[in-house]
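Report on the following structure.
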Number of protein chains: 2
Amino acid sequence: MQATPPSSGPDAGSRRAPRRSAVCAPLYRQIRHLLVESLRRGEWAPGAAIPSETELASRFQVSQGTVRKAIDELVSEHLLIRRQGKGTFVATHHEPRAQYRFLRLAPDRGEPAGTSSRFLECGRVGAGAEIAARLGLRSGAALIHVRRVLLFGDLPRVLDDIWLPAGPFRSLSAERLAQYKGPLYGLFESEFGMRMIRAEEQLRAVAATAEDAAPLQVSTGSPLLRVDRLSYTYGDRPIEFRRGHCVTTDFHYRNTLT
Amino acid sequence: MQATPPSSGPDAGSRRAPRRSAVCAPLYRQIRHLLVESLRRGEWAPGAAIPSETELASRFQVSQGTVRKAIDELVSEHLLIRRQGKGTFVATHHEPRAQYRFLRLAPDRGEPAGTSSRFLECGRVGAGAEIAARLGLRSGAALIHVRRVLLFGDLPRVLDDIWLPAGPFRSLSAERLAQYKGPLYGLFESEFGMRMIRAEEQLRAVAATAEDAAPLQVSTGSPLLRVDRLSYTYGDRPIEFRRGHCVTTDFHYRNTLT
DNA sequence: TAGTGGTCTAGACCACATA
DNA sequence: ATGTGGTCTAGACCACTAG
């Protein structure tokens, strides 16, 4: 930052050079960008504290209020978490509060039972045209494909097909998945350094195929909620495509419009 | 507000009484609450400008920055809209930008065609147990029921059943609906003084009944996306329950997870 | 007691819109 | 030229956490 500190108190008059032009983002957005870059580079690990607001202010040569506004935005996007009296921390999918941030399926009555995964497949495949386009890869690119059933208590309710670029996720295996407890995004974050921060979903109703119906213990042709999800990491880079088929006779997908 | 302005500059020392206790919200939230109350009372009409930040600051005896933070929150919740150089305005469903804020259905390819409504029914009914509970009314309370088909271009894609409390919406009629152009929430806002600011939705896949299938021009039993929506006005008061059945062969419901 | 984030203030200047 | 929101600063004090 090329900010010039004022010579004295708030009434110091014309005290700085015109720092930015019309093409330039506000200072706090520039700071925000620097913070995101540090996160992307892994300068601060998930779960770790970032430097205090005052330290960042002196590092970037801006006021604490400007750093604060940059952090405010990142907190609202769940990239950072504030803890009063303790500091500001890099968000992680291992925290209980963030565990099911992306899981919108809930039982019609009663509180959400604990979920668990049963993994059916894990192997390398070539990217079809549709999935390649979504992930921004060339057709035929190497992917890892995972198929699993999500159980709520002991009720199988979601059949997920997950496609990941083979590069970063090369070492993902059925064994590693089977032994892992907790949300997949936690595993991706810890083992592969890929942190999901945002996702776009497309929902539709479809009839169950025979292949979908069996693991979900429903009849072929019964209505299923199909959820296509494209997940992004830092810098709007798509990193996972997922297609879920959900039984919604006693569950529903919840959403808030604001 | 019982804030005491400081005697002089920023270094005036212990300059105010302890304004709030542990049970009390921060000043900017108190200001925010006062603003929402003014909105609820209709002190400023939808589309109109609210007083400037400096005027509100002097009215509430707080600094402009505190008013600003209160307004910031209301802007992020789409209750207010800022226009640089012009002022801050009460949001309205008549603005082009807000027209389809709550419409999440989009065509799989191509840009969204214009939508139009075909109204099938409009009449008084008694509230069933489920809908009464959702709207916070007693079972059997008087409701207005509207049924319509939403068309994208000339494609019928959504069959909506809408229930409204008969009190505020007493004068809603088939004639009034037929002659009205634009989003329903615009009509509710202008004609009935009920402004929707938030909604909760529950989605599931269902098989089309014969009654659903006919107006949507699909076969009985084909999969439909059912969307149950509860809409709220100021103060978390539920004011509309809506059940939509959507054809999702060439359309989808889009959602962003953040 | 020291350090952190949370709130509040006051004032400066900038960018935009209107007259 | 004036008034609006938008950005930035500096400093005060509060509330919470931990050694």
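What you see is a predicted model; the values in this text were computed from it and never measured. Letters go in sequence order (proteins before strands), and every chain restarts at 1.
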- [ ] Consider the side chain of A:E53, meaning its heavy atoms from C-beta on, and name the nucleotide among D:dG5, C:dA10, C:dG5 that approaches it most closely.
- [x] C:dG5

- [ ] State whether B:K86 places a side-chain N or O below 4.0 Å from either non-bridging phosphate oxygen (OP1 or OP2) of C:dT18.
- [x] yes

Open item on the list: For C:dG6 and A:R82 - does any side-chain N or O of the residue sit under 4.0 Å from the phosphate oxygens OP1/OP2?
Closed with: yes

Task: Protein-nucleotide distance (B:D72, atom CG; D:dG5, atom C1'), rounded to Å - done: 11 Å

Task: Of the listed nucleotides D:dT7, C:dG5, D:dT9, the one nearest the side chain of A:R68 - done: C:dG5

Task: Minimum-distance nucleotide (side-chain atoms of B:P26 versus C:dT7, D:dT9, C:dT9) - done: C:dT7

TODO: Look at B:R97 together with B:E95 and state whether they make a salt bridge at an N to O cut-off of under 4.0 Å.
DONE: no

Open item on the list: Measuring from the side chain of B:S63 (C-beta onward, heavy atoms only), which nucleotide among C:dT7, C:dT9, D:dA10 has the closest atom?
Closed with: C:dT9

TODO: Sequence neighbours left out, what passes salt bridge (charged side-chain N to carboxylate O under 4.0 Å, His left out) with A:R243? Give chain and number order.
DONE: A:E130, A:D228

Open item on the list: Taking B:D72 first and then B:R32, would you say they form a salt bridge - that is, a charged N and a carboxylate O separated by under 4.0 Å?
Closed with: no

- [ ] Only one of A:E240, A:R242, A:M194 passes side-chain contact (heavy atoms from CB on, under 4.5 Å) with A:L164; say which it is.
- [x] A:E240

Task: Euclidean distance, atom CD of residue B:Q64 to atom C1' of C:dC13 [Å, nearest integer] - done: 13 Å

Open item on the list: It should be established whether A:K69 places a side-chain nitrogen or oxygen under 4.0 Å from OP1 or OP2 of nucleotide D:dT7.
Closed with: yes

- [ ] Please state how far atom CD in A:E73 lies from atom C1' in D:dT7, giving the value in whole angstrom units.
- [x] 13 Å

Task: Residue A:T54, side-chain heavy atoms: nucleotide from C:dT7, C:dT4, D:dT7 that is nearest - done: C:dT4

Open item on the list: Taking the nucleotide of DNA chain D with the nearest heavy atom to each, does A:Q84 or A:V67 sit closer to the 5' end?
Closed with: A:V67

TODO: Nearest whole angstrom, please: distance from the P of C:dT18 to the CZ of B:R83.
DONE: 10 Å

TODO: Using atom CD of B:Q61 as one end and atom C1' of C:dA10 as the other, report the distance to the nearest whole Å.
DONE: 15 Å

Task: Side chain of B:L27 (C-beta onward), nearest among C:dC8, C:dT18, D:dC8 - done: C:dC8

Task: Between C:dG5 (P) and A:L80 (CG): distance, integer Å - done: 11 Å

Open item on the list: I'd like to know if B:E201 pairs up with A:R104 as an ion pair, taking the criterion as any Lys NZ or Arg NE/NH1/NH2 lying under 4.0 Å from an Asp or Glu carboxylate oxygen.
Closed with: no

Open item on the list: From CG of A:L56 over to C1' of C:dG5, roughly how many Å is that when rounded to an integer?
Closed with: 13 Å

Task: Complement of C:dG6, any strand, by Watson-Crick or G-U distances under 3.5 angstrom - done: D:dC13

Open item on the list: Looking only at the side chain of B:T88 (C-beta and beyond, no hydrogens), which of the listed nucleotides D:dA18, C:dG5, D:dG5 gets closest?
Closed with: D:dG5

- [ ] Take the protein atom CD1 of A:I81 and the nucleotide atom P of D:dT17, then report the distance between them rounded to whole Å.
- [x] 15 Å

TODO: Using a strict 4.0 Å threshold on nitrogen-to-oxygen distance, state whether A:R198 and A:E77 make a salt bridge.
DONE: no

Open item on the list: Among D:dG5, C:dT9, C:dT18, which nucleotide has an atom closest to any side-chain atom of B:S52?
Closed with: D:dG5

